Amino acid sequence: MMEGGEGDAAAPPRYALNPARISSEDILFCVDVDAECLAEMKVTGPNGRPFTRLDTVKQSLLLFVHSKLAINPDHRFAFATLSKSASWLRKEFSSDVESAAAAVRSLQATSASGHADLTQLFRIAAHEAKKSRAQNRIFRVILIYCRSSIQPQHQWPVNQKLFTLDVIYLHDKPGPDNCPQQVYDALVDALEHVSEYEGHIHESGQGLTRILFRHMCMLLSHPQQRCPQDFLDIPKSLVKKSPAPDSAPAEESAIVPIQRDPIWTMQPQTIAAPVRPSSDDNDANQYATQFSVVTNRDIIEGGGGRGLLSIGQVVTDARHLSVPLERSPRGGGNYPVRRTLRPRERRPRRSSHPDRPFRSPIDEWTESDPTRAAQNSLQSHRRATMIRLASASASAAALLLLLLSSGLLAAAAGRGVPGGNVIKLPSDASSFFRAGGGGDDSVGTRWAVLIAGSNGYWNYRHQADVCHAYQLLKKGGLKDENIVVFMYDDIADNEENPRTGIVINSPEGDDVYEGVPKDYTGEDVNVNNFLSVILGNKTALTGGSGKVVDSGPDDTIFIYYTDHGGPGVLGMPTSSFLYADDLIDVLKKKHASGTYKSLVFYLEACESGSIFEGLLPEGLNIYATTAANAEESSWGTYCPGEYPSPPVEYETCLGDLYSVAWMEDSEVHNLRTETLHQQYQLVKKRTSNDNAAYGSHVMQYGDIGLSKEDLYLYMGTNPENENSSFVDDNSLRPPRKAVNQRDADLLHFWDKFRKAPEGSSRKLDAQKQFFEAMSHRMHIDHSVKLIGKLLFGIKKGPEVLNAVRPAGQPLVDDWACLKNLVRTFETHCGSLSQYGMKHMRSFANMCNAGIQAEQMTEASGQACAHIPSGPWSSLSRGFSA
């Protein structure tokens, strides 16, 4: 809030923090004990030998614990170590100093591990953070990392921000055998990925103990009281004490003694304009734009300002500074000494906690008095804006921001918008600049159709995907009456499900099943009902809730389909497949009816690109993306044996790679500021897995121009993400391994067999399921190949069956022929099933080569002497066409 009256024009406004309850902290120290922690510092110990990094870290930890408990004796501490991964050193959180000291003394270096995985550390922290939160406490992790050539890695969901991470990085100077800059960047990525509140990172390659102690002092600041690190500096006026004649009086100085290092003082400064370094300056990095707004007397709470500052006071009382006294040119650094790492191109850092949005000086000024904001002078804006500058190179940016801020404030006042309509955050920009002020609210009703086209526990991931999508749309503001859900609903209460009634879509995810509408379940999940729902044709429905997409010309539609697929087809848990030509015909009819403004289709399936390739024309106002191109498989994720893997009790994949990618991205962003194209690029990068063996190529089809629209038009947006702007590298990193969609059932059977007790009925059942599935696969593969040889000859057969048409052409010219040949094959050889979809291209190529139904009947009869019995028989499963 702002204190002081307007009558006193000379007095600057004063700001005071409103009273707030600050929670006690549970702090987990994680110390890197790899061999590099034994590197020598530049300070000699009592025995004449240099201290090692580990020796200095131990001292700094004790210093931190003592100081933190002096501030609040209710803080608690636990300790872990990091080698290949994190492990507990002392698990119990305690406020006992002796217990902490014993844990610190027990820290010992290990041999070089060659790997640093932070996933287990984050997993431990998330688990403990939930306990702390239940006790109204804040959980923080302080990681001390000492390796110069090994980049830390992790696999952690971006939406799991349950704790705050601080990092201190001690490293060697850059050289041919190390890469401290890359390590530092990886640590920054990890910090921004997991931190609930503002996390800080400090680094040093100088080998000086005082710098480590200074860093630890800065980390005494409470996460709930922090500003972003980019706006934080300890006072620059830390200079070696000298008897300069113009030095400040003794009562104006606050001396900070640091062990075995020279005495430093904080000297008062006066407000000064930026000073540009002279051309003969030997060290441009030492240059920084300096500002000062308080004397040291103002630093200490109560205004006394006399005597020695304790280590705790140096940091905790620094929050009373109105602005930083100096900005290092590095952009992310908080140090008065020269940094050894080059500036990192930092991402725009937003408030990391929804309850604590960042407010700039301009924001606070205008919120207190919008009228004053519009009338504020250019000089006042310049002062408020320049406080936040990082270096001299930011001067031009400051001027631009100044002019923009002044212009927008004046425009807001001129338009008479209530509250001034001042832009406070990037997320407000899109609505501010929309012509006519109509913005997103002018959109009609948002409709959504979500469908999982499979059944069986081994296909758990498809229904988990759909349930997750429903929760996402529901939080985005869509109403149940406008969301139509198709799922077989045999997963949540399945005897194989280790958590009855609960469905999760990621290893640490919450239940996504609760509250999901059961519009079409069981046998009602079929092609006829799905297409009828899209068309809004209630009379054609057979079963289900009767809910359809009853949209109008101003409405938008979002369709999400996840299941197995093959060239030109999508799976269904009952009877016939959904063929591409039938789907495209329905979309054309929907467009011809004039009952939607635009439609977005997200499709997860193998060879899903073949559904739209050469079939979906432009001009229908339809934008579609697919998990794979027309020739490749899509992939499951969060699978047993994968990294990260599901909880140990799960024996199936929890999600699909493409689906998880777009949903986990949508969960953390303000979808008013993220476009379809931005999400397409992000999901494409994650799903391709950097073109590794485990990944697919996400594709886009239809009216690509629609991709410039905001996701909000189709999915709404979660109000909790209002302050979250799109960042193009803010998703969970691609897994190093994934599971081919068609092999997910085998993975389930095998993991079930492996975990079952020896000789148990469960083990025998898993073994039977595995062998039946393998037998079916071999039968289908052999039959199709043999038919090809019978029709085209031994040499030419495989060539014809495996041929792929050029990009842009549909799979087949005569879709009726394709369906006829499929039905003929299944009549003689049994159901194709979800695995056999992969051979659809072979049947299509037969049609393209002019094969007639009579020829197919004869060849199928020779290749398959009888219809196989068992669960895969077409007699029990029906036909796919």
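In this text the structure is predicted, and so the values were computed from the model without any measurement.
- Between Phe163 and Phe122, some side-chain heavy-atom pair lies under the 4.5 Å cut-off.
- Using a 4.5 Å heavy-atom threshold, the side chains of Arg123 and Glu508 count as touching.
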Derivation and outcome, side chain to side chain donor-acceptor pair (under 3.5 Å), residues Ser94 and Asp96: CA-CA 5 Å; Ser94 172; Asp96 181 57; 5.1 Å; no
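- Side-chain atoms of Ser148 come within 3.5 Å of backbone N or O of Asp172 as a donor-acceptor pair.
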From CA spacing to verdict: side chain to side chain donor-acceptor pair (under 3.5 Å), Glu642, Thr637: CA-CA 8 Å; Glu642 188 188 312; Thr637 191; 2.9 Å; yes
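- Counting heavy atoms from C-beta on, the side chains of Met218 and His200 never come closer than 4.5 Å.
- By the 6.0 Å contact criterion, CD on Gln135 is enclosed, its count of non-hydrogen atoms from other residues, nucleotides or ligands being greater than 12.
- When atom types are taken as modelled, the side chain of Gln224 and the backbone of Ser23 share a donor-acceptor pair closer than 3.5 angstrom.
- Atom OH in Tyr658 sits 14.0 Å away from atom OG in Ser688 (nearest 0.5 Å).
- Of the possible polar contacts, one joining the Arg147 side chain to the His115 backbone as a donor-acceptor pair under 3.5 Å is found.
- Expressed to the nearest 0.5 Å, how far CG of Asp665 lies from CG of Leu682 amounts to 4.5 Å.
- Taking a cutoff of 4.0 Å between a charged side-chain nitrogen and a carboxylate oxygen, Glu92 and Arg76 do not qualify as a salt bridge.
- Minimum interatomic distance between Ser24 and Asn72 (heavy atoms only, all atoms of both residues): OG-ND2, 3.3 Å.
- Counting only distance, with no hydrogens or angles, the side chain of Ser106 and the backbone of Ala103 share a donor-acceptor pair below 3.5 Å.
- The heavy-atom pair separating Arg53 from Cys37 by the smallest distance is CB-O, 3.2 Å.
- Considering only heavy atoms from C-beta on, Pro640 stays 4.5 Å or farther from Ser645 through its side chain.
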Derivation and outcome, side chain to side chain donor-acceptor pair (under 3.5 Å), residues Thr110 and Asp34: CA-CA 5 Å; Thr110 62; Asp34 187 80; 5.1 Å; no
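- Here Thr164 contributes atom OG1 and Leu191 contributes atom CG; the two are 9.0 Å apart, rounded to the nearest 0.5 Å.
- Ser659 places no side-chain N or O within 3.5 Å of a backbone atom of Gly655 that could act as its donor or acceptor partner.
- No side-chain donor-acceptor contact under 3.5 Å links Lys84 to the backbone of Gly114.
- The nearest pair of heavy atoms linking Pro152 to Leu187 is CG-CD2, 3.5 Å.
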side-chain contact (heavy atoms from CB on, under 4.5 Å) assessment of Thr562 paired with Asp656: CA-CA 8 Å; Thr562 175; Asp656 291 294; 3.4 Å; yes
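- When all heavy atoms of Ala116 and Ile150 are compared, the pair lying nearest together is N-CG2, 4.0 Å.
- With respect to Arg140 and Asp26, no salt bridge is recorded, no charged nitrogen being found less than 4.0 Å from a carboxylate O.
- No side-chain heavy atom of Gln59 sits under 4.5 Å from any side-chain heavy atom of Thr209.
- Between Tyr460 and Tyr457, the two ring planes are perpendicular [angle over 60°; tilted spans 30° to 60°].
- Between the side chain of Asp32 and the backbone N or O of Cys146, at least one donor-acceptor pair lies under 3.5 Å.
- Under the 30°/60° scheme for interplanar angles, the aromatic rings of Phe77 and Phe64 are found to stand perpendicular.
- In this structure, Ser666 and Gln679 have side chains that are in contact, with non-hydrogen atoms separated by less than 4.5 Å.
- Under a cut-off of 6.0 angstrom, the local environment of CG in Asp74 is crowded, with over 12 non-hydrogen atoms contributed by other residues, nucleotides or ligands.
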Full working for side-chain contact (heavy atoms from CB on, under 4.5 Å) between Asn670 and Asn718: CA-CA 7 Å; Asn670 180 353; Asn718 188 343; over 6 Å; no
Pair Tyr650-Tyr638, ring pair (Phe, Tyr, Trp, His ring centres under 6.0 Å): steps then yes or no: CA-CA 10 Å; Tyr650 283 85; Tyr638 300 140; over 10 Å; no
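- Across Lys475 and Pro719, no two heavy atoms sit closer than the pair O-CD, 3.6 Å.
- Under 4.0 Å is where a charged nitrogen must lie from a carboxylate oxygen, and between Asp465 and Arg461 no such pair does.
- Distance check: Glu604 CD to Trp662 CH2 gives 10.5 Å after rounding to the nearest 0.5 Å.
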Worked check of side-chain contact (heavy atoms from CB on, under 4.5 Å) between Leu28 and Leu121: CA-CA 10 Å; Leu28 172 61; Leu121 172 62; 4.1 Å; yes
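- Within 6.0 Å of atom NZ in Lys58, more than 12 heavy atoms from other residues, nucleotides or ligands are found, so the atom counts as buried in its surroundings.
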Residues His468, Glu667; criterion side chain to side chain donor-acceptor pair (under 3.5 Å); working and verdict: CA-CA 10 Å; His468 190 176; Glu667 280 184 322; 2.7 Å; yes
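- Summarising the geometry, atom CD belonging to Glu40 is positioned 10.0 Å from atom CG belonging to Asp55; distances are rounded to the nearest 0.5 Å.
- In this structure, Glu128 does not pair ionically with Lys91, as no charged nitrogen and carboxylate oxygen lie closer than 4.0 Å.
- Between His193 and His154, the distance from one ring center to the other falls under 6.0 angstrom.
- Two residues are said to be in side-chain contact when any heavy atoms from C-beta on lie closer than 4.5 Å; Leu165 and Val167 meet this criterion.
- With rounding to the nearest 0.5 angstrom, the CG atom of Leu212 is 6.5 Å from the CD1 atom of Ile144.
- Looking only at distances, no side-chain donor or acceptor of Trp88 sits under 3.5 Å from a matching main-chain atom of Ala80.
- The shortest side-chain heavy-atom distance between Ile168 and Leu143 does not fall under the 4.5 Å cut-off.
- Between Phe93 and Phe139, the ring center distance clears the sub-6.0 Å criterion.
- Within the 3.5 Å criterion, the main-chain N or O of Glu651 finds a donor-acceptor partner in the side chain of His748.
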Verdict with reasoning, Glu196 to Leu162, per side-chain contact (heavy atoms from CB on, under 4.5 Å): CA-CA 6 Å; Glu196 176 187 19; Leu162 302 173; 5.7 Å; no
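- A side-chain donor-acceptor contact under 3.5 Å links Asp185 and Gln181.
- In this structure a side-chain-to-backbone donor-acceptor pair under 3.5 Å is present from Asn497 to Ile502.
- Asn494 approaches Glu496 most closely through the heavy-atom pair OD1-N, 2.8 Å.
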Verdict with supporting geometry, Tyr184 and Tyr145, ring pair (Phe, Tyr, Trp, His ring centres under 6.0 Å): CA-CA 10 Å; Tyr184 176 79; Tyr145 195 75; over 10 Å; no
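- Using a 4.0 Å cut-off between charged nitrogen and carboxylate oxygen, Lys755 and Glu649 do not count as a salt-bridge pair.
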